[in-house]
Each structure stands twice: as structure tokens, then as C-alpha cells.
Number of protein chains: 2
Amino acid sequence: MDRPVRRPTAVGRLLELLHLRGPLTRAEATTSLGLARSVVGDAVADLEELRLIVVRQAAPTGTAGRGRPSPLLVPAPDGPVVVAAHVGVGTARLRVVRLGGEFVGELASLPVDRAAPAERTLTALAARAAELAREAGGPWAGLAVGTGGMVRHGVVRSALHLGWTTEPVPAEELLARQLPPGVSASVAHECSLAALAERRRGAGRGAGSVLVLTCEHTGIGGALLPDGPTAVGHALEAGHLVVDDRGPQCPCGQRGCLELFADGRALLREAGVTDTGDAALVQAVLGRAARGEPGPLAAARRVAERLGIGAASLVNVLDPDVVVLTGPLKALAVLAREQLESRLADSLVARVNDTRLTVGELSEPVLLGAADLAFDVFFRAPSNALGDTTRRTRTDAD
Amino acid sequence: MDRPVRRPTAVGRLLELLHLRGPLTRAEATTSLGLARSVVGDAVADLEELRLIVVRQAAPTGTAGRGRPSPLLVPAPDGPVVVAAHVGVGTARLRVVRLGGEFVGELASLPVDRAAPAERTLTALAARAAELAREAGGPWAGLAVGTGGMVRHGVVRSALHLGWTTEPVPAEELLARQLPPGVSASVAHECSLAALAERRRGAGRGAGSVLVLTCEHTGIGGALLPDGPTAVGHALEAGHLVVDDRGPQCPCGQRGCLELFADGRALLREAGVTDTGDAALVQAVLGRAARGEPGPLAAARRVAERLGIGAASLVNVLDPDVVVLTGPLKALAVLAREQLESRLADSLVARVNDTRLTVGELSEPVLLGAADLAFDVFFRAPSNALGDTTRRTRTDAD
DNA sequence: GCATTTTGTAACCGGGCCGAATAAAATCAG
DNA sequence: CTGATTTTATTCGGCCCGGTTACAAAATGC
């Protein structure tokens, strides 16, 4: 019924493998992809011609085993790049990511005006991204944006931090119009992207289903990445899990939502610090707690306990293989692991499945996830982003 | 990385289309599938040769528009069947389903002994299924089983109702060994299957993400079918959502779980009926409530209110497009819609997304979902079930 | 009867992958 | 040093699947 999704062909799959696992030999790629040797050989030739990879000399003779040595396939140093963006409150943060997953250049940012219309914000974002991609040098494959709010199929609804509240913004489509042909546009929920990155490259490596909880200064987000080769997971409003049905009223309409007790604001409140909205305050409290100051530490533990109640409930309901805690407050998992895990230990579900609560390993999960999303699009049609000028025929000598 | 999943080819896709939408002309299939006319023509020829479909004469001349009339493709009356099974407490229920989604013959059942080892139960299930498939006549394409517990990739863990609690049971693999070659085995969570069926054929038709809540006599299950062409959704332990953190202790280790307040046992308690474990008792109470008896009606409303709290919380967290309430207690949604929806109306998330709470339309969602799962496997390789070598035994007359 | 419209069919093409045979480049054994 | 062995890469033919094109078939409308 709904199957217009192009599967990556051998060329794309090889490129993806290189992107995820780094340099490989042809032989390793053959076994990893389960393809015939000849197919990998052709794909390598194509990718070389497209200047996406370079074939480096094999390891010097004597180091490998018997047999014919296999040269190493590495992403081309001037290979394709994508721009990953994370649109937060007031600013968007952008980075250029190279094939292989390395950041290129410095973190860039862009002010985001909540009063501006969505089109203008997106146009500015596309322009800044184009500038960064040009500076980075390589061919530009795509732009992927992570944001909060409700995001589905690249359409953003009720993103309070952007001021896009009145009607749905078809952000992906609008961005695509601003980009040169061949450059893909993708828009997804920030937590889904974080989940993607943590499963591929971080704390959730190799796991099946992953539940990501993102504790921020204002609010708690989340995403569930179900088992299987899912493209983008299902974003959760984890902060609006009801923890105390008779608790304080939440703007969301319910009572006693988790994020009333366990986000950055709650930590400041518990620590007796006046919340000016400055993100540094939360980090300061966490820093003091880490240094052992009793007040902040006790505050962190109280917040962690609340968070643990919510996490345990979510684990009980969603039954993920791994829970990854990330966001500005992820240090809680180190400072107050006991409090955080106390409820989880009671849960039969968690015990049966041996659900682990882990700390996010990536410092920029959203940007990394966005980059992977953009590359995924690229892998489905690698020749799109590079001019149609190049001949595809390996044997155009004849 | 993980892509050994074969995509259905044109033959399979056409068969799937026929299965889901009923008889079609070649022309309609061509546009629906977006394939070339010749491909559909070839596929039809193949399917005719495989005796999976028959080509019926076109509508009598004069009824259609201009142009050459197009004959109708219909699933063969002696076409392939699958056996769908739902393993519940004490008994397994089985039905034969024909290509096209119709039940064949009567509901069959099989006692399930909790004390028996898993192998014996599965062997009996496979044997009974083989018997039913033989009676039904057509070639047997597959057996799909829905069950509770924790099911992942066909492996069942901690299925209390089956007594499979000590260690994981690779049910799919064990079943596959009992089945003749060419007959597929699939095992999935009952709620995932119900969600699949309701989205394809029931209350969730056309929706993106679907949250299914199954209210049973003992416990509340659920499943989340994320947006996109997902095979099988993510099963939820919806009954173990914490509704009241200071509530009664639940065997799951938490306090105040939803199912302590809102399953069949809770309804009987509220109605002042002694719970003997008989499923008919719950239906009796619901029937009396439907007839307007004040006591049972008030009990139903109190339970529905609790259920509504849980449903609203889940909606707030999971933000699905549609919520489908099914299971033996789904009548609550009719008897006490107001109470059930009162909390949902408060939820900002539900209001923004206009989340609908609907009643499951299918009387046997689990069996239908299981059948679809088995057919999905069949569609990926339709010739497998029919002699891969030559003709099948059905045609061994020649 | 003839043009028009729609559908089915046959022949050919090309991409993508597989498999077998062959060639290349190392190690190992004498 | 030479030849056997091992591992890898490449070449070539072939299959499968789907697209394209041209043509035939079967209705309507003049």
C-alpha cells in the first residue's frame, strides 16, 4: 500500500556502512552487507568515480595474514557534508558533519525570533546552512533540523519555543524550497533524533527498542525507538506523564505532570535558587552537587527520585530494552543514581527484561541524529547530490 | 545493516492489494500500485498460474464507461488460507482465514495446560492448525499466533497465562519446526495484532499512529502502532501505568497501577459481584448497565472514569492519532463515554491533535491481525507455500 | 463503418544482483 | 628462489524485476 520508499541500493548501503563503521576493506564490506564480491567491487568503482570515497593502499605487507591484501576504503576527505541543526529557544545551533560522522568546523548559531513568521525563520536557517556548507568545501548533501513541538512527516505543530502555534508549519517542504536542487531537507523531533543517535553511536548501541528521556531546563521530552530498522522513532511528551493525580495543575491541562517535579526549574526550586531562565544556573547547581555541597546534592537527589518514579512508570508501560537519559540534566544519573533507580528496581517488568538505565554518551545527540537522518536520505540516492554531469559508466573508455 | 527483509515483489503487492481491498480490475491495480501495465499483466498471469486468483468476466457491456472493459480479479475460491490463533488463559482460539480476510468455517479451540511444557503446547497448536487448514481445503500459507506476555521477534517471555515464566520460549522457531515446509510461523503480541487489524480494517483505518487499549477481565494491555509502514507495533503494558502513586500495591512492584482500577475485576468489585473468574460475569454486568440498571451503570461509569484518567495520560505521553478501545470491556466506551472522555477533554495534547477515542470495530481483532501477519509473510514470497519445485499436491491429479 | 477511448499483450531494454571463472598479490614450504 | 596455498579483486554471462514502447482488442459514439 504505502511503499514508495526507495531502499538504498548497494552503493548506498556501502556508503552507509562506511559512514557508521569507518574505513573498511572490500572483503569486510562484502561479508557485512551479505552481497556478492562483484557487487561490492562495482559499488566501490562507482563511489570512487563519484569522488565519495578513496581507496587507500592496503596495510604494509607483513602485517595482515596470508592472502592478497585488501586496500582500505575511506570516505573522501573532500566528501559530502550535511548540515545538522537544532532549533531551540531563541537560537538555532548548526554544525557541519562529514561522511563518517565527524563534525567539521565550529558550532554555529542563529538567533530565532519567536515573533517572526515561520517562513522567515526557515529561510534564514537555510541561508546560514548554505553558508556553512560552502565553507566546509565538500558537496552539500542535505540539511536536517531537529526541533521540539509536535513533528510528523516534517510538519511542525504547536512548537511553543518557535512561536509556531497557530497552524501547522510544513517545515520540511518550506526548507526544501529554499535549498539548491539535490540538497535534501528533513525535519524531525529532537528527541527522536537523539534516540537515533544514541542507538547508533551512543549508549543504546546494539539495543532493540530504546527509550530516550531528555531532561531540560524547561520540560522533559522523550522518544521511543521501537525495535527494528525504524527510520525515526515516536516522539513522546514524557514530561506530561501524570505522576501525581492530585498534584499541581499543569498548563497541559492535567495535574501533577512529571516535568513539574523533575526538570531544570524543579531543580532550581529544590535548591532554593531563583530561576531567571538562564540555563547556566542549572549547570551551576549540578556542578555544586557534583562537588559534594550538601544542599544542591540533596536537591538533585529529590529531583532524581521524582524522575525515577516517572522513568519507572514509563519503563513499566513501554518496556524498552534500554533507557537513555540525556539533556542538560543527565548528570543526575551520575549524582543520584540510587534515587533514580530505586523505583526501577521495584518494577517487575524492568527486572524481567533487565532494563538498563544509562546516561547518554553523546554530547550532541540531536545534531548527530539529524546528521544521520540527512545522510540516510543521501544514501538512498547518492548520485542526486552530485551533479548529473559525472558519467556513471565505469567503462566509458570504450 | 539490518536489511535482510525482502520487499514484496509485484506479485506479492498485487496479492496484498486484493487481500485488503477485495476484487479489482487490472487497470485499478495498475494505478493503485503505481506499476506499469505490463507488470500487472505479468503478475496476474503468474497468480493465475499459481491458482491464487481467478479472472472473472468483466461487467456486462453497457454498464462501464467507454473503452475496453476490464475483467475482475478475485481471490481464488480455493485460494490459500492461513490459521490465526489467539492463545488466552486456559484455551487457544483458532480460525481459518481466507485470502481476502474472510473467516472460513467455525471458531475452533484447544485447551492450554499451564503446567505443560511450552513445546507440547505449541506442538498441539500446530497439529490442530494443520487439521483446520486441511479441512478448509486451500493451500496452507501460514500460522500466526497472538499471545500476551512479552513478545519480541517471536520469542515469548513471562507469559503468565501460559505458565511460560521461567525462561524465554522461542515460540516462532518451535512452531516453525512443527509445520510443513512452506508454511510460515509467526508469533506476536496480541495487542500489536489487534492494533494492526484495527488500523487496517477497523476503527483506525487510514490513521497514522494508533494506540490500542485492550481492557480484559484480568488486566489491561495495549499497543502503539507508530506512523509509517510498520510491520508489528510496540506492545505496551498499559495496565501498569501508575495512576495513583499512593494507591494499592500491584504485583508488578509499583503502586496504583491502572489495571487495579479499570479491568474486569475492578468492574465486578464496583458492581458488588463476587468474582469467580468467569468471564460471563463481566458481560452480565455490562449487559445490566446497558439496560439501564442504576447499580451496574454507576459501577461502569466509575470504572470508565478511572480508565479515562489512564487513557488521557497515555494520550498525553504518546500522542497518537487515534485511540482504539477494545477487549471484553470495550462496551464501556458506549455506556460511559462521558466519563471516559472527561479527562481527555482537559488534555491540551488531545485538543491540539484532535485525538479521537474510538471503540474497536472488529469483533476478533487479534485473530484478524494474526491472519494479516501470516498473509504478510506469504505476500513476500507467494510461491513458497506452493511447490517451489513444481506443482503442488493439490494439482497432482495430472 | 470508422474514429475514439480504454485496456491487455508482446517485445525489448536496463539496473541490480548473483555465480563461476580467472587474475592478482600476499604467505608458506621446500 | 620456486611453486603451492590462501585470500582478494575483477571480468563476464545470466537471471529477475520492472519500465517503455508499440500494437492488438474491445467497448462507445458519430
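Only a predicted model underlies this, so the values are computations on that prediction, with no experimental measurement involved.
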Original post:
Are side-chain N/O atoms of Thr9(A) and Arg380(A) paired as donor and acceptor at under 3.5 Å?
Top reply: no
Original post:
Among dG18(D), dT8(D), dC18(C), which is the nearest nucleotide to the side chain of Thr9(B)?
Top reply: dG18(D)
Subject >> base_contact_polar (dT6(C) base, Arg68(B) side chain, donor-acceptor, <3.5 Å) >> reply: no
Subject >> Salt-bridge present (Asp321(B), Arg199(B); N to O < 4.0 Å) >> reply: no
Original post:
What's the CD-C1' distance between Glu48(A) and dA9(D), to the nearest Å?
Top reply: 13 Å
**OP:** Mind listing the closest non-hydrogen atom pair of Phe375(A) and Pro80(A) along with its distance?
**Re:** CZ-O, 4.1 Å
Original post:
Are His19(B) and Asp372(B) close enough that a side-chain donor and a side-chain acceptor fall under 3.5 Å?
Top reply: yes
Original post:
Any idea which heavy atoms bring Val104(A) and Ala136(A) closest together, and the distance?
Top reply: CG1-CB, 4.2 Å
Original post:
Between Thr30(B) and Val39(A), who's closer to the 5' end of DNA chain C by nearest nucleotide?
Top reply: Thr30(B)
**OP:** Let me know the distance between CG of Leu14(B) and P of dG18(D), rounded to the nearest Å.
**Re:** 11 Å
Subject >> Closest-nucleotide 5' rank along DNA chain C - winner of Ala36(A) and Gly67(A) >> reply: Ala36(A)
Original post:
Which heavy-atom pair separates Gly146(A) from Leu193(A) by the least distance, and what is that distance?
Top reply: CA-CD1, 3.4 Å
Give me the distances for all protein-to-nucleotides 28-30 of chain C N/O pairs that come in under 3.5 Å?
residue	atom	partner	partner atom	Å
dC28(C)	O4'	Arg66(A)	NH1	3.0

Subject >> Among dG18(D), dT10(D), dA27(D), the nucleotide that comes nearest once only the side chain of Pro69(B) is considered >> reply: dA27(D)
Subject >> d(CZ, Arg26(B); P, dA25(D)) in whole Å >> reply: 15 Å
Subject >> Length of the CG-P vector between Asp42(B) and dC17(D), whole Å >> reply: 10 Å
Subject >> Touch class at under 4.0 angstrom, heavy-atom based, for Ala27(B) against every strand present >> reply: sugar-phosphate
**OP:** Using a heavy-atom cut-off of under 4.0 Å over every strand shown, decide if Gly12(A) touches base, sugar-phosphate, or nothing.
**Re:** nothing
**OP:** Could you state the atom-to-atom distance from CG of Leu24(B) to P of dG8(C) in whole Å?
**Re:** 12 Å
Original post:
For the side chain of Leu35(B), counting heavy atoms from C-beta on, which of dG19(D), dT7(C), dA9(D) is nearest?
Top reply: dG19(D)
Subject >> Rounded interatomic separation in angstrom, taking CG from Asp46(A) and P from dG16(C) >> reply: 8 Å
**OP:** Compare every heavy atom of Gly369(B) with every heavy atom of Leu196(B), then report the nearest pair and how far apart it is.
**Re:** CD2-O, 3.8 Å
**OP:** Answer whether the closest heavy-atom distance between the side chains of Leu18(B) and Leu24(B) falls below 4.5 Å.
**Re:** yes
Sub-3.5 Å pairs of nitrogen or oxygen atoms, protein against nucleotides 21-23 of chain D:
none

Original post:
What's the verdict on salt bridge (Lys or Arg N to Asp or Glu O under 4.0 Å) for Arg200(A) and Glu16(A), showing C-alpha distance, side-chain angles and the deciding distance?
Top reply: CA-CA 12 Å; Arg200(A) 283 198 174 180; Glu16(A) 181 179 20; 3.7 Å; yes
Subject >> Distance-minimising heavy-atom pair for Ala374(B) and Ser184(B) >> reply: O-OG, 4.2 Å
Original post:
For Leu33(B) and dG19(D), what is the distance between atoms CG and C1' respectively, to the nearest whole Å?
Top reply: 15 Å
